[in-house]
Amino acid sequence: MAESVRTLLSEEEVDKRIEELGAQISRDYAGETVHLVCVLKGAVFFMCELAKRLTIPVTMDFMSASSYGSSTKSSGVVKIVKDLDEPLKDKHVIVVEDIVDSGRTLSYLLKMFGDRGPASIRLCTLLDKPERRVTDVKVDYTGFEIPDEFVVGYGLDYDQRYRNLPYIGVVEFN
Ligand code: IMP
Ligand code: MG
């Protein structure tokens, strides 16, 4: 099946919004060290760009969960593929995600990480598709709310491709 990508959010729009989020988080956590938890692989581009804009001390860790196979539909099953290297105890944790869709992945991860005794835990996502939510997940920092379309770029993939696009696009199946 042939597919093409239509630009939804340009590189400039995304960069500007990440700059704003970085400034907001730096203000909110003034005087603290923030521990960024990246949900691989999709959030890696966003987290690196966000981290560079934070003016407070930052530590980082990476984990990998999968709820999607190679299709565009959620399986509803969250599998921990790689856990964090460091404990979360007493840390100000921000879980950084590429996109919150059904919310299943994040509600599972926030519960699991919340049980590890962080001083605080918040969620920061580049993209949010609120229409698709099936679980109750509180998003503390959102880059953009987007319509219910399958997007790629800036870390997001379709069948592992397009992660390297410097903008967010919608995949169109012709
Ligand atoms: P959720 O558990 O349904 O919220 O799914 C979250 C995960 O599904 C994200 O972290 C993405 O990896 C993937 N996902 C959801 N929507 C999209 C999309 O539009 N493009 C690419 N990946 C997506
Ligand atoms: Mg993801």
Side-chain angles (χ1 to χ4, degrees), residues 1-11 13-15 17-18 21 25 35-51 60-85 88 93-116 121-174:
M1 191 163 46
E3 79 229 17
S4 56
V5 180
R6 165 173 55 85
T7 304
L8 181 68
L9 297 161
S10 70
E11 185 172 6
E13 286 174 280
V14 176
D15 287 353
R17 185 66 190 123
I18 297 176
L21 286 173
I25 291 170
H35 188 64
L36 301 179
V37 165
C38 179
V39 184
L40 294 170
K41 307 169 187 147
V44 77
F45 290 70
F46 174 44
M47 187 163 114
C48 293
E49 292 305 313
L50 182 68
M60 293 185 244
D61 205 348
F62 298 83
M63 64 91 51
S64 179
S66 78
S67 64
Y68 277 66
S70 57
S71 80
T72 58
K73 281 203 300 298
S74 173
S75 64
V77 178
V78 179
K79 189 171 97 197
I80 304 301
V81 179
K82 180 212 172 296
D83 205 339
L84 297 171
D85 293 333
L88 299 181
V93 175
I94 301 181
V95 177
V96 182
E97 227 330 7
D98 50 359
I99 188 164
V100 182
D101 184 34
S102 72
R104 285 193 185 100
T105 311
L106 265 299
S107 68
Y108 182 89
L109 295 182
L110 288 171
K111 165 90 181 62
M112 183 177 88
F113 294 149
D115 289 345
R116 297 183 186 182
I121 185 161
R122 284 185 178 168
L123 172 60
C124 177
T125 185
L126 178 60
L127 303 172
D128 187 2
K129 285 189 206 169
E131 285 169 52
R132 299 256 307 166
R133 201 73 90 255
V134 301
T135 57
D136 195 17
V137 176
K138 181 170 170 282
V139 184
D140 301 285
Y141 301 100
T142 305
F144 302 90
E145 287 193 357
I146 61 164
D148 180 13
E149 291 184 291
F150 196 80
V151 290
V152 294
Y154 228 95
L156 290 141
D157 73 301
Y158 170 58
D159 214 357
Q160 297 304 323
R161 287 176 300 133
Y162 304 117
R163 292 191 195 274
N164 59 314
L165 295 181
Y167 57 90
I168 307 283
V170 176
V171 183
E172 291 179 334
F173 302 93
N174 324 111

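Just so you know, ligand 1 is whichever comes first in the structure, and atom 1 is the first atom listed for that ligand.
Atoms of ligand 1 found under 4.0 Å from any heavy atom of Glu149, numbered from 1 in the order shown, are 19 (O). Set against the non-hydrogen atoms of Asp101, the atoms of ligand 1 under 4.0 Å away are 1 (P), 3 (O), 4 (O), 5 (O), 15 (C), 16 (N). Distances below 4.0 Å separate heavy atoms of Thr105 from the following atoms of ligand 1: 1 (P), 2 (O), 5 (O), 6 (C). Counting atoms of ligand 1 from 1 in the listed order, those under 4.0 Å from a heavy atom of Glu97 are 10 (O). The atoms of ligand 1 that sit less than 4.0 Å from any heavy atom of Asp157 are 21 (C). For ligand 1, the atoms lying closer than 4.0 Å to a non-hydrogen atom of Arg104 are 2 (O), 4 (O).
Taking the charged nitrogens against the carboxylate oxygens, Arg17 and Asp15 have no contact shorter than 4.0 Å, which rules out a salt bridge. A salt bridge links Arg133 with Asp128: the distance from a Lys NZ or Arg NE/NH1/NH2 to an Asp or Glu carboxylate oxygen falls below 4.0 Å.
Among all heavy-atom pairs drawn from Arg122 and Tyr141, the shortest one is NH1-OH, 2.8 Å.
Within the structure, the closest approach of Arg133 to ligand 1 does not fall below 4.0 Å when heavy atoms are considered. Distances from ligand 1 to the non-hydrogen atoms of Gly103 include at least one value under 4.0 Å. At least one heavy atom of Val151 sits less than 4.0 Å from an atom of ligand 1. Within the structure, ligand 1 has Ile99 among the residues with a heavy atom less than 4.0 angstrom away.
With values rounded to the nearest 0.5 angstrom, Glu172 atom CD is found 4.5 Å from Arg6 atom CZ.
Within the set Ala43, Ala65, Ser102, the minimum heavy-atom distance to atom 3 (O) of ligand 1 is found for Ser102. Here the shortest heavy-atom distance to atom 22 (N) of ligand 1, taken over Asp98, Leu156, Leu126, belongs to Leu156.
Between Phe150 and Phe173, the distance separating the two ring centers is not shorter than 6.0 angstrom.
Leu123 places none of its side-chain heavy atoms less than 4.5 Å from the side chain of Lys138.
For Asp83, the salt bridge (Lys or Arg N to Asp or Glu O under 4.0 Å) partners are Arg116, not counting sequence neighbours. Applying the side-chain contact (heavy atoms from CB on, under 4.5 Å) criterion to Asp115, with sequence neighbours excluded, gives Lys111.
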